[in-house]
Chemist: 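Can you read through this structure? Questions will come right after.
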There are 2 protein chains.
Amino acid sequence: MTSIDPLPSSTSFRLGTLGALVTARFTDRIEAFGLKPKDVGLLTLLRAGGPLSQLEAARAMGVAPSLVVTVADRLEALGAVRRLRDPGDRRRQQLTLTDQGGALLDRCAATAHDLDAEFTAGLSEPERTALNTALGRLAADHGLPA
Amino acid sequence: MTSIDPLPSSTSFRLGTLGALVTARFTDRIEAFGLKPKDVGLLTLLRAGGPLSQLEAARAMGVAPSLVVTVADRLEALGAVRRLRDPGDRRRQQLTLTDQGGALLDRCAATAHDLDAEFTAGLSEPERTALNTALGRLAADHGLPA
DNA sequence: TATTGTTATACTCTATAACTATA
DNA sequence: TATAGTTATAGAGTATAACAATA
């Protein structure tokens, strides 16, 4: 008789459940900075892709433009981004990462790497490297930030 | 000068973003079976851990007991689980996986493995294996289904 | 009085739709 | 008339609180 490969041993199931777990922990920690996960996504995008209009940001993040308003409001209140009205087309708001926003993103990166160490403590060093390399390739293949 | 390791190269960031992406795709596909992700979680738990009371299920899943009511209602309507009042303690509802529920879970597993193949198409076979092995170890370390 | 399940309610996240200003 | 941003509203998912039945 043939036995079916069980769900919990699939890469999809494991990625989904571990991703939710690690996101929950990361969310808890960045709360200390006044940030939510989507805020970090926008900061990451701005560092990688220079100034962007809100609509461009929404498209790159795969979210509704109205959500970018909320996220940009919060980041602006923290001094992490600046909104500059485009003089050539006054409908557009150019979002720019401030120095303070860059420093905040650095603190998020440090937090993530701390979390990496704790979360993967049970892996050997080669396993950790192989894991991160494979995840990096998948991220690139699926259009996620490098 | 020292440069900070960027956020998108962290394992935590990659696990979080890839996990969200793969979960969204999986969610789309199991909708054809009338299932939501948490339903699949409960079915998985019941197959692995035999009959459970709703409270036990809530604890194992890390969700509120009231959510188990909703999930069990939907699964019962699909014929995937049975609720049996415990004769020894009539407050308890024992949740049991039916044959039909087992078949449904098998279809979810097949769906997940199809998704695995598509999602990791850009990896070499050794990379795919190393990835799944490392994820399996992390899942075990963090108390997720085997 | 404590516990299991259920129902009522509220909160978070995010999308869609309506609206304003500019083109 | 079309587009960028904003505001208003709605839906999904999940938690907390109130309640009913049983212990």
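All chains are named by letter (A, B, ...) in the order of the sequence lines, taking the proteins before the strands, and each is independently numbered beginning at 1.
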Chemist: Verify the cluster assignment for A/Leu42 and A/Leu55: are they in a single hydrophobic cluster under the rule of side-chain heavy atoms below 4.5 Å apart?
Modeler: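 Result: no, two separate clusters.
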Chemist: Without swapping roles, check the side chain of A/Thr98 against the backbone of A/Ala80 for a donor-acceptor pair under 3.5 Å.
Modeler: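 Confirmed, A/Thr98 side chain pairs with A/Ala80 backbone.
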Chemist: Short question: side chain of A/Arg137, backbone of B/Leu123 - any donor-acceptor pair under 3.5 Å?
Modeler: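 Side chain of A/Arg137 to backbone of B/Leu123: no pair is present.
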Chemist: Each nucleotide in nucleotides 5-12 of chain D should get exactly one letter: B, S or -. Can you fill that in based on protein heavy atoms under 4.0 Å?
Modeler: SBB-----
Chemist: With a strict under 4.0 Å distance from non-hydrogen atoms of chain B, what nucleotide opens and what nucleotide closes the contacted stretch of DNA chain C, reading 5' to 3'?
Modeler: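 So the outermost contacting nucleotides come out as C/dA2 to C/dT7.
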Chemist: Determine which pairs satisfy side-chain hydrogen bond (donor to acceptor under 3.5 Å, both in side chains) with at least one residue from residues 80-91 of chain B, sequence neighbours left out, and list them in order.
Modeler: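 Those involving residues 80-91 of chain B are B/Gln54-B/Arg83, B/Asp73-B/Arg83, B/Glu76-B/Arg83, B/Asp89-B/Arg91.
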Chemist: Which pairs with one or both residues in residues 38-51 of chain B pass side-chain hydrogen bond (donor to acceptor under 3.5 Å, both in side chains), sequence neighbours excluded?
Modeler: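 Counting only pairs at least two positions apart or across chains, the side-chain hydrogen bond (donor to acceptor under 3.5 Å, both in side chains) contacts touching residues 38-51 of chain B are B/Asp39-B/Arg74, B/Arg47-B/Asp106.
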Chemist: Are the charged groups of B/Glu125 and B/Arg128 less than 4.0 angstrom apart, N to O?
Modeler: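 Between B/Arg128 and B/Glu125 there is a salt bridge, with a charged N closer than 4.0 Å to a carboxylate O.
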Chemist: Show every ring-ring contact (aromatic ring centres under 6.0 Å, His included) that has at least one partner inside residues 59-82 of chain B, sequence neighbours left out.
Modeler: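 Qualifying pairs: none.
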Chemist: When the C1' atoms of the five terminal pairs at each end define the local axes, what inter-axis angle does the helix from C/dT1-D/dA23 to C/dA23-D/dT1 show, to 10 degrees?
Modeler: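 Overall, the helix from C/dT1-D/dA23 to C/dA23-D/dT1 bends by 20° from one end axis to the other.
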Chemist: Can you tell me which residue pairs pass the ring-ring contact (aromatic ring centres under 6.0 Å, His included) test with a partner in residues 81-125 of chain B, sequence neighbours excluded?
Modeler: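 Output for this query lists A/His142-B/Phe119.
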Chemist: Taking only residues at least two apart or on different chains, which pairs with a member in residues 13-49 of chain B satisfy ring-ring contact (aromatic ring centres under 6.0 Å, His included)?
Modeler: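 Found none.
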Chemist: Pull out every residue in residues 12-28 of chain B that has a heavy atom closer than 4.0 Å to any atom of DNA chain C, ordered by number, or say none.
Modeler: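 DNA chain C contact set from residues 12-28 of chain B: none.
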Chemist: Can you pull out every side-chain hydrogen bond (donor to acceptor under 3.5 Å, both in side chains) where at least one residue sits in residues 20-30 of chain B? Sequence neighbours excluded, please.
Modeler: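 Sorted result for residues 20-30 of chain B: B/Arg29-B/Glu118.
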Chemist: Among residues at least two apart in sequence or on other chains, which ones pass salt bridge (charged side-chain N to carboxylate O under 4.0 Å, His left out) with B/Glu31?
Modeler: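 Partners of B/Glu31 under the salt bridge (charged side-chain N to carboxylate O under 4.0 Å, His left out) test: none.
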Chemist: Measuring from atom CG of A/Leu144 to atom OG1 of B/Thr17, what distance do you get when rounded to the nearest 0.5 angstrom?
Modeler: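 If I round to the nearest 0.5 Å, the distance is 4.5 Å.
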Chemist: Find which nucleotide of DNA chain C each of A/Arg90 and B/Asp89 is nearest to by heavy atoms, and output the residue with the more 5' nucleotide.
Modeler: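 First, find each residue's nearest nucleotide; the 5'-ward one identifies B/Asp89.
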Chemist: Considering only residues two or more places apart or on different chains, which pairs with a residue in residues 55-83 of chain B satisfy ring-ring contact (aromatic ring centres under 6.0 Å, His included)?
Modeler: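 For residues 55-83 of chain B, and leaving out neighbouring residues, there are no ring-ring contact (aromatic ring centres under 6.0 Å, His included) pairs at all.
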Chemist: So, is B/Lys38 close to the D/dG13 phosphate, meaning a side-chain N or O under 4.0 Å from OP1 or OP2?
Modeler: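 No, because none of the side-chain N or O atoms of B/Lys38 sits under 4.0 Å from OP1 or OP2 of D/dG13.
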